[in-house]
Amino acid sequence: MAETWDLSLLIDTSTKIFDARGMTGHHLGVEARNLPDHFFIEYVDPDNRGPFRRRLVKMAARQLEIVRVRVLTRNEGSQEFFATLRDAPTEGKWWLMLAAGLRDETPALAALERTGLAEGDEFMMLVESAARQLNGEVDLMQVKAGILSDQSTSKASAEVRKKLETEFNEIVAENAYDNIATQPQPGEYLLLKDRAKPAAEVMDQLSAAAERLSIPPAELGLAAKTVAMESLDGDFSQANINGVVIDLRQDPTKPIKQWELEPEPKSWIKPVIRGAAAALGLKPSKTDQ
């Protein structure tokens, strides 16, 4: 059966649109000829932008074939669409293909909403994507928590420290722009922060989490630094971003954990791909069968 899609958008890593085809006026409220230079991510439901960025990175890395995305439509509000990438002649660009999904299938993909902290190359690609979209008007923030480091001398039990780390992971991810954050090593976090969000607000939340676990402030060893992505003067290549990260961390001997391009666990990704493909009338690839 031939593929049929409602929308086709030529995008780059930042989701900037260069060409558009299909029923864009009906779904997005903007005619195709007026979409170039817009960013597709701006049409994604705000609560779904973080997860979609992660899925887009995985699709570009050929880890995922078909995913879900909630799009802000003109007439239907936030509506579920199937999405996939197709190669384009220009390097660094893809055709994002979108087809309206069925609302009653939403629960089947609940696991895809899980994001958590990114790792290594995945984090770098997410930072690059957002920095290009926002023209550098975001901050890269480093947070250190000595109590969680391997060198910690805290009297807190291992169980308490584990609970604290779990809470810190959640707080950092929730405060990061589109959940773009990573943990390079125990006791250290990097997050992309909205310029409007004060760094002190993040630190206050971390301190409050420690207080709930009866950990004295003196044992936390909290410290933070930020750098504006505008310092890259519009060159948001991963090499330049990596340079900013090294300068911020001031410890190149401890690189960020590499993101291994491994397939998602079969327990939920394969059924998701098969179900989505069936709903679209697409034949799954051999690797997904």
Closest non-hydrogen atoms of A20 and A32, given as atom of the first, atom of the second and distance, are O-CB, 3.4 Å

(message) Could you check whether any side-chain heavy atom of L9 comes within less than 4.5 Å of a side-chain heavy atom of D19, counting everything from C-beta outward?
(response) no

| Would a 4.5 Å heavy-atom cut-off, applied to side chains only, mark N179 and L126 as touching? | no

Quiz item: Do any N or O atoms from the side chain of D12 and from the backbone of G92 form a donor-acceptor pair under 3.5 angstrom?
Solution: no

For a quick check under 3.5 Å, do K193 and N175 share a side-chain donor-acceptor pair by atom type? no

query = Does NZ or CZ of R68 come closer than 6.0 Å to the centre of the six-membered ring of F82, within 45° of the ring's axis?
reply = yes

Side chain to side chain donor-acceptor pair (under 3.5 Å) filter on Q142, not counting sequence neighbours, yields E188

Tell me whether Q238 at atom CD has more than 12 heavy atoms from other residues, nucleotides or ligands lying less than 6.0 Å away. yes

Task: F40 side chain near L98 side chain, heavy-atom distance below 4.5 Å - done: yes

| task | Output yes when a side-chain donor or acceptor of R86 lies under 3.5 Å from a complementary backbone atom of W95, and no otherwise. | result | no

Short question: side chain of S207, backbone of M203 - any donor-acceptor pair under 3.5 Å?
yes

Subject >> Residue pair Q133 / R53, side-chain donor-acceptor N/O under 3.5 Å >> reply: yes

Taking the side chain from T15 and the backbone from I41, do they hold a donor-acceptor pair closer than 3.5 Å?
yes

Here the pair of heavy atoms bringing V138 nearest to L134 is CG1-CD1, 3.3 Å

- prompt: Around E91, counting heavy atoms of other residues, nucleotides and ligands shown, do more than 12 lie under 6.0 Å from its CD?
  reply: no

Exercise for the section: List the steps and the verdict of side-chain contact (heavy atoms from CB on, under 4.5 Å) for T84 and V67. Expected result: CA-CA 7 Å; T84 191; V67 303; over 6 Å; no

Kindly determine whether V143 and L191 satisfy side-chain contact (heavy atoms from CB on, under 4.5 Å), including the steps that lead there. CA-CA 8 Å; V143 175; L191 64 149; 4.0 Å; yes

Worksheet item: Donor-acceptor pair, D6 side chain versus M23 backbone, under 3.5 Å?
Response: no

Q) D47 versus D45: any side-chain heavy-atom pair under 4.5 Å? A) yes

Interatomic distance, NZ@K93 vs OG1@T13, rounded to 0.5 Å, equals 9.5 Å

Side-chain heavy atoms of Y189 within contact of T182, under 4.5 Å
no

For this session: Would you check, one step at a time, whether the test side-chain contact (heavy atoms from CB on, under 4.5 Å) holds for N135 with F236?
Result: CA-CA 9 Å; N135 198 29; F236 303 115; 4.2 Å; yes

The reported gap from CH2 in W94 to CG in L10 (rounded to nearest 0.5 angstrom) is 10.5 Å

_Are the side chains of F168 and L206 in contact, using a 4.5 Å heavy-atom criterion?_
yes

The complete set of side-chain hydrogen bond (donor to acceptor under 3.5 Å, both in side chains) pairs with one or both residues in residues 20-44, sequence neighbours excluded, reads H38-Y43

Closest non-hydrogen contact found for L192 with A130 is CD2-CB, 3.5 Å

Closest non-hydrogen atoms of G146 and S149, given as atom of the first, atom of the second and distance, are O-OG, 2.8 Å

Check your understanding: Are Q183 and E119 close enough, and set up right, to give a side-chain hydrogen bond (donor to acceptor under 3.5 Å, both in side chains), and what steps lead you there?
Key -> CA-CA 7 Å; Q183 185 181 32; E119 294 188 359; over 6 Å; no

Separation between CD (E167) and CG (L213), nearest 0.5 Å, reads 5.5 Å

Separation between CG (L56) and OG (S129), nearest 0.5 Å, reads 6.5 Å

With the threshold set at 4.0 Å, does a side-chain nitrogen-carboxylate oxygen contact exist between D139 and R195? yes

Original post:
Would you say R249 and K225 make side-chain contact, with heavy atoms under 4.5 Å?
Top reply: no

Contacts satisfying side-chain hydrogen bond (donor to acceptor under 3.5 Å, both in side chains) that involve residues 152-164 (not counting sequence neighbours) are S154-E219

Next on the checklist: Under a 3.5 Å cutoff, is there a donor and acceptor pairing between the side chains of Q205 and E174?
Outcome noted: no

So CG of N169 and CG of L164: to nearest 0.5 Å the spacing works out to 9.5 Å

Tightest non-hydrogen contact, residues R70 and S78, listed as CB-OG, 3.6 Å

Query raised in the report: Same cluster for M141 and L222 if Ile/Leu/Val/Met/Phe/Trp/Tyr side chains link at under 4.5 Å?
Result: yes

Of all heavy-atom pairs linking N48 and P51, the shortest is O-CD, 3.4 Å

Next on the checklist: If hydrophobic clusters are built by linking Ile, Leu, Val, Met, Phe, Trp and Tyr wherever their side-chain heavy atoms come under 4.5 Å apart, do L35 and L72 end up in the same one?
Outcome noted: no

Quiz prompt | Worked check of side-chain contact (heavy atoms from CB on, under 4.5 Å) between V57 and Q63 | solution = CA-CA 9 Å; V57 166; Q63 286 188 287; over 6 Å; no

Notebook entry, point to check: Going by heavy atoms in the side chains, are M229 and I241 under 4.5 Å from each other?
Noted result: yes

dist L7:CG -> M97:CE (nearest 0.5 Å) comes out at 9.5 Å

query: Would you say T73's side chain and Q79's backbone share a donor-acceptor pair under 3.5 angstrom?
result: no

